[in-house]
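The structure appears right after this line, and notes come after that.
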Protein chains: 2
Amino acid sequence: MIRVMIADDHQLFAEGLSQALDILPDARVVGVVDSGPALDAALLNQPAEVSIVDIEMPGGDGIDAIAGLGSRTRAIVVSMYASDDQRTRAETAGAKAFFSKGVPLMTLAAAIRAVADGEDLIGLDDTSRDEVLERYGEARLDPGAASLTVREREILALLAAGVSATDELAERLYISQKTVKNHLASIFQKLAVSDRTQAAIEAIRLGIARPN
Amino acid sequence: MIRVMIADDHQLFAEGLSQALDILPDARVVGVVDSGPALDAALLNQPAEVSIVDIEMPGGDGIDAIAGLGSRTRAIVVSMYASDDQRTRAETAGAKAFFSKGVPLMTLAAAIRAVADGEDLIGLDDTSRDEVLERYGEARLDPGAASLTVREREILALLAAGVSATDELAERLYISQKTVKNHLASIFQKLAVSDRTQAAIEAIRLGIARPN
DNA sequence: GGTCATATGAGCCGTGCGGCCCATGAGCGA
DNA sequence: TCGCTCATGGGCCGCACGGCTCATATGACC
C-alpha cells in the first residue's frame, strides 16, 4: 500500500485526485494540504511514501517546499503550465517526477508506483520515461492483505503479538530461521513495507492481529 | 512490563497468584493454564517473558513441558513439596529458578524480575541466590508508560506511525541519528522490550499511538 | 504430463540495529 | 552549590536483519 499526500491549493483538483487515487488498490491518499509549509507539517504526523505537489500555490512555491523535505517523502511535481525551467527547478529541488496536469490519471498512477519503487523519472528523456511508466502500468498486487498466504498470515500474527526475533519465530513455527526470513521478505513485498516493525503495524491496521 | 504466564491446575492458587502479581507495577499476568500442553499452546499466541510452572499437574509432569519450550519463555518451577531431585530435574529441563510454594510472594516477585533480566537462579547456592534476589527486591520502574519523557513519546508515536528507520526518525525530529538511538535504547528499557517492532506494538497497546 | 503456487531450505553480503560506556550543557529543586 | 534528570551527542562492536539468487518437494489445476 503506497501512502500518498497531496499538496494543492485547488480543492476541486486535490479532492478529485484524492477520490480517483483511492480507487487504486495499491495506493491510499492519507492527506490533502493546500500549501508548502502545510505539507511539511502534515508529513511530520502522517508518513507518506509519495507526495503530489503543485507548483502554483499561495504562501511559497511548491518547489521550495520539497527541497526541505529530505527523504521524508518522494515528491512528484505537477504543474498547470509545465515549462522546461520549471522541470529543471523541480529536478534541482529533488523531485522524482514532473508532470503537466494534462496527463491521464493512469499515467500519474504509474508514476506513483514507479517513484514509490525507487525510480527517478525526472532526469529521463520522454521515451525512457514512457518505458518505465509502461512497466508500472498495472496495480501492484493486493488490495490489503488479500494475497498473503496462510503461512504468511501466521507469521504476521506472531510478529504483531511481539515475537519479533527470527529465532523465536522459527521456534514457534517449527521451521528454520532461513524459511522465516524468506516468508518475511515475501510479506514485506506484498505489504509494501521495508522491515518487521512496519509489517507489524500494518498487520494490526489490517486486522490480521489485534493490538492487545 | 514483564509478561507472566501461569501454569497450575489448582485454580485457587493460580488465580490468587495472578491477582497478586497484577498488583506489581512491573509485571502482568497474561494467561493462566492448567497443564503442560496447554502452556505450550498458550505461548504460541501470547508471548510471555516468564512462566510460573507447577510440577504437580495432571496430564504430564510440568517439568517435561518446559523442556520443549526452548527460548520461548523462561520458566520458574514451583512445587508443593520441594525436593532436591525435583530441583535437579528442573535444572536439567532448562528452568531458571525453583521454589517451594511456601516462599513469600515478594520473593517470587523478585525472582520474576531477576529471571526476566537474564539471571539464572537455579544453579546457585542459597546465599548467592538470596543475594541476587535482594538486588531485584524493588519493582523495576514504570507503571506502563508513565516514566517516558516527552521526547521519548514523540519518538514512539512516530515509530508506531511507520517511521521505523533511524535516519528517517532523525530527520523528522531534527536531531542526529545517534540521539535517536539513545532515546530508543531508553524506551526499550522502560517498556521492557528488545527492539523497535515490540516498542511500536507496545505503543499502540498503551494508546500512545493509534494503529490507523 | 506439464505448469504454477506454496512451503521449505541454502548461501552470500552489506549495513543497520541494539548494547555498552561516556561526555556536555541546560534546567530544576534541595 | 550540589545533585539530579533530560536532551543532545560520540565511539565501538557484534550480530541480526534485509536484499539477492537459487534449489527442492509437494499439491492443485488443466
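These values consider heavy atoms only, across backbone and side chains, with no hydrogens, waters or symmetry-generated copies. All figures in this text were calculated on a predicted structure; none of them were measured in a lab. In what follows, chains are A, B, ... by sequence order, proteins preceding strands, each numbered from 1.
- Distance from the side chain of Ile175(A) is smallest for dT8(C) among the nucleotides dG18(C), dT8(C), dG10(D).
- Taking atom CZ of residue Arg151(B) and atom P of nucleotide dG25(C), one finds them 20 Å apart after rounding to whole Å.
- In the displayed structure, Gln177(B) atom CD is contacted under 6.0 Å by more than 12 heavy atoms of other residues, nucleotides or ligands.
- Summarising the geometry, the separation between CZ on Arg196(B) and P on dG19(C) is reported as 10 Å, rounded to the nearest angstrom.
- Computed from coordinates, the Lys181(B) NZ to dA16(D) C1' distance equals 13 Å when rounded to whole Å.
- Under the 4.0 Å criterion applied to side-chain N and carboxylate O atoms, Lys190(B) and Glu152(B) are assigned as salt-bridge partners.
- Of the candidate nucleotides dA7(D), dC20(D), dC17(C), dA7(D) has the atom lying nearest to any side-chain atom of His183(B).
- With dC17(D), dT8(D), dG18(D) as the choices, the nucleotide that has an atom nearest any side-chain atom of Phe188(A) turns out to be dG18(D).
- The interatomic distance linking Leu148(B) (CG) with dC6(D) (P) rounds to 10 Å, in whole Å.
- You'll find the side chain of Leu133(B) reaches within 4.5 Å of the side chain of Leu121(B), heavy atoms only.
- For Glu171(B), there are no salt bridge (Lys or Arg N to Asp or Glu O under 4.0 Å) partners two or more places apart in sequence or in a different chain.
- Using a 4.0 Å cut-off between charged side-chain N and carboxylate O, Arg196(A) and Asp195(B) make no salt bridge.
- The interatomic distance linking Gln189(B) (CD) with dC6(D) (C1') rounds to 15 Å, in whole Å.
- Looking at heavy-atom distances under 4.0 Å, Thr179(B) makes contact with a base.
- Looking at heavy-atom distances under 4.0 Å, Asp167(A) makes no contact with the nucleic acid at all.
- If you measure from atom CD of Gln177(A) to atom P of dC15(D), you get 14 Å, rounded to the nearest angstrom.
- Rounded to an integer number of Å, the gap from Lys178(A) NZ to dG19(D) C1' is 10 Å.
- Between dA7(D), dA7(C), dG9(D), one nucleotide has an atom nearer to the side chain of Ser176(B) than all others, and that is dG9(D).
- When distances are taken from the side chain of Asn182(B) to each of dG18(D), dA7(C), dC21(C), the shortest belongs to dC21(C).
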